[in-house]
Amino acid sequence: THAHTCAHIHIHIHIHIHAKIPDLIDGLHDKLQHISNQQTRTGTLRCMRTICHQYLHQTLTHLLKKPLPWDENLVAMWQVLSGEVQLVQQVFAHLLEVLSLSLPYQEKTKANRVKRLETDIPKAATNAIGVLCEVEELQEVVKQLFPRVLATLLLRLGVSSTIEPPESKKAPSCISVAVDTLKKFLVCSGSEVMVDRLEQQSVWNLLEKEDTCPHGMLSIARALAEGNPDEVSKTVDAL
């Protein structure tokens with residue numbers, strides 16, 4: 001029948017486009033490197049948002065495979081997703097799910113010593129949260145997600161401090177990405193009291209090392225109780 005034929009064509013087109021998502025994203029990324037006109041650049045980035053609307057999971061999965069550090073165009077491709085509240089909420093939900101379900105490290109034994117080696121996707125997902133939190137307009141969205149995002153980042157901090165640094169000196173370490181993302185998240189959420197307290201106590205430095213990370217986490221808990229007391233029980237429930 002005509003209806004059956006149309007449905008078959010629609011499915012075929014969907015499957016074809018689905019397979020082309022990585023190429024479409026890479027093509028946009030490549031074009032952005034050669035565009036200097038701001039209006040053209042804005043239009044190109046909006047294409048990214050359109051693709052993500054239709055193929056959220058495939059788009060984010062491909063973006064998270066990009067090695068760190070990301071260039072300014074990849075950052076822009078993430079940040080353009082913040083232009084619509086419903087879409088960026090879905091993006092945050094996906095990133096939090098990735099961090100919840102992915103293995104944070106792989107263990108490797110060498111010379112009778114067990115090393116924890118980083119896994120790329122969780123590190124990229126952590127970095128993506130930080131990139132999104134650089135967008136000031138997302139403050140209300142971030143406030144709504146505060147307990148869950150903070151709980152996720154605290155867990156990420158705890159495990160990242162035990163992971164070996166990457167072999168490549170160009171790539172950021174898991175712990176540096178986690179600490180940087182926590183800073184950006186707190187600033188974006190309007191948690192100035194927490195940020196000031198943590199900076200005064202040099203907590204960021206404590207978090208960078210495995211032996212002092214627990215002390216840094218304790219300082220975060222105290223700063224949370226002082227700066228955002230209403231979020232304490234919600235954050236504990238989210239852990």
Side-chain angles (χ1 to χ4, degrees), residues 9-99 101-104 106 117-138 141-142 156 165-174 176-178 180-181 183-185 188:
I9 292 174
H10 177 76
I11 292 172
H12 179 75
I13 292 174
H14 176 77
I15 293 173
H16 178 73
I17 294 177
H18 182 283
K20 293 292 184 180
I21 295 300
D23 292 338
L24 287 172
I25 294 172
D26 291 343
L28 287 174
H29 182 220
D30 182 62
K31 288 184 184 303
L32 284 169
Q33 298 178 50
H34 306 288
I35 296 175
S36 56
N37 181 277
Q38 188 57 47
Q39 188 173 359
T40 305
R41 183 178 175 83
T42 300
T44 304
L45 286 170
R46 284 177 179 167
C47 291
M48 180 67 197
R49 195 158 64 204
T50 300
I51 294 172
C52 196
H53 258 300
Q54 298 297 321
Y55 303 94
L56 178 77
H57 184 272
Q58 295 82 0
T59 299
L60 299 185
T61 297
H62 187 65
L63 284 176
L64 289 174
K65 291 178 180 178
K66 298 294 183 182
L68 296 177
W70 294 334
D71 62 33
E72 62 177 357
N73 293 315
L74 273 173
V75 169
M77 291 171 76
W78 275 101
Q79 292 180 341
V80 74
L81 305 181
S82 67
E84 297 179 22
V85 172
Q86 185 176 3
L87 177 61
V88 79
Q89 287 175 334
Q90 293 175 334
V91 172
F92 267 109
H94 181 88
L95 295 173
L96 293 173
E97 183 178 30
V98 166
L99 287 169
L101 299 178
S102 301
L103 291 173
Q106 294 179 332
L117 306 180
E118 65 179 30
T119 48
D120 294 332
I121 299 302
K123 183 165 76 168
T126 305
N127 193 68
I129 291 175
V131 165
L132 290 171
C133 286
E134 292 175 358
V135 181
E136 293 181 6
E137 292 77 10
L138 282 185
V141 172
V142 171
R156 182 66 186 165
E167 293 183 2
S168 171
K169 293 183 178 181
K170 292 182 179 180
S173 66
C174 285
S176 66
V177 170
D180 189 52
T181 294
K183 291 181 189 177
K184 293 174 180 177
F185 165 71
C188 185

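Bear in mind the structure is a predicted one, so any value in this text is a computation, not a measurement.
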Q: Kindly indicate, with the supporting measurements, whether the criterion side chain to side chain contact (heavy atoms under 4.5 Å, CB included) is fulfilled by K183 and C133.
A: CA-CA 9 Å; K183 291 181 189 177; C133 286; over 6 Å; no
Q.
I'd like to know whether I25 forms a side chain to side chain contact (heavy atoms under 4.5 Å, CB included) with M77, so could you lay out the CA-CA distance, the side-chain angles of the two residues, the decisive distance to 0.1 Å, and finally the verdict.
A. CA-CA 9 Å; I25 294 172; M77 291 171 76; 3.6 Å; yes
(Q) Quick one, I129 with L99, criterion side chain to side chain contact (heavy atoms under 4.5 Å, CB included). Give me CA distance, side-chain angles, the key distance, then yes/no. (A) CA-CA 11 Å; I129 291 175; L99 287 169; 3.9 Å; yes
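Under the rule for a side-chain contact (heavy atoms from CB on, under 4.5 Å), the partners of Q39 that lie at least two apart in sequence or sit in another chain are N37. A search for side-chain contact (heavy atoms from CB on, under 4.5 Å) contacts involving E97 returns L101, not counting sequence neighbours. Residues forming a side-chain contact (heavy atoms from CB on, under 4.5 Å) with Q33 (at least two apart in sequence, or on another chain): H29, D30, N73. With sequence neighbours excluded, the residues that form a salt bridge (charged side-chain N to carboxylate O under 4.0 Å, His left out) with K184 are E134, D180. With sequence neighbours left out, the salt bridge (charged side-chain N to carboxylate O under 4.0 Å, His left out) criterion links D120 to no other residue. Under the ring-ring contact (aromatic ring centres under 6.0 Å, His included) criterion, H57 pairs with H94, not counting sequence neighbours.
For the side chain to side chain contact (heavy atoms under 4.5 Å, CB included) with H53, the lone residue among E84, M48, Q90 that qualifies is E84.
Heavy atoms only, all atoms of each residue included: P104 and P122 are closest at CA-CG, 4.4 Å. Of all heavy-atom pairs spanning C52 and L87, the tightest one is SG-CD1, 4.1 Å. When all heavy atoms of L132 and W78 are compared, the closest pair comes out as CD2-O, 3.5 Å. When all heavy atoms are compared, the tightest approach of V88 to L81 is CB-O, 3.6 Å. Nearest heavy-atom pair across I121 and L64 is CD1-O, 3.5 Å. Of all the heavy atoms in K123 and A171, the pair that sits closest is NZ-CB, 4.5 Å.
Checking side-chain atoms of T126 against main-chain N and O of A178 turns up no donor-acceptor pair under 3.5 Å. The main-chain N or O of Q79 is found under 3.5 Å from a side-chain atom of S82 such that the two form a donor-acceptor pair. No donor-acceptor distance shorter than 3.5 angstrom exists from the side chain of T40 to the backbone of S36, with no hydrogens or angles considered.
Rounded to the nearest 0.5 Å, atoms CD1 (I35) and OG1 (T44) are 3.5 Å apart. Taking SG of C174 as the start and CZ of R156 as the end, the distance is 4.5 Å to the nearest 0.5 Å. A distance of 5.0 Å separates OG1 of T59 from CD1 of I21, quoted to the nearest 0.5 Å. Taking CG from D71 and CG from L74, the interatomic distance works out to 4.5 Å, rounded to the nearest 0.5 Å. Between L63 atom CG and L95 atom CG the span is 10.0 Å, to the nearest 0.5 Å. Atom CG of L56 sits about 8.5 Å away from atom OG1 of T61, to the nearest 0.5 Å.
Looking at heavy atoms from C-beta onward, S102 lies out of side-chain contact with T119 at the 4.5 angstrom threshold.
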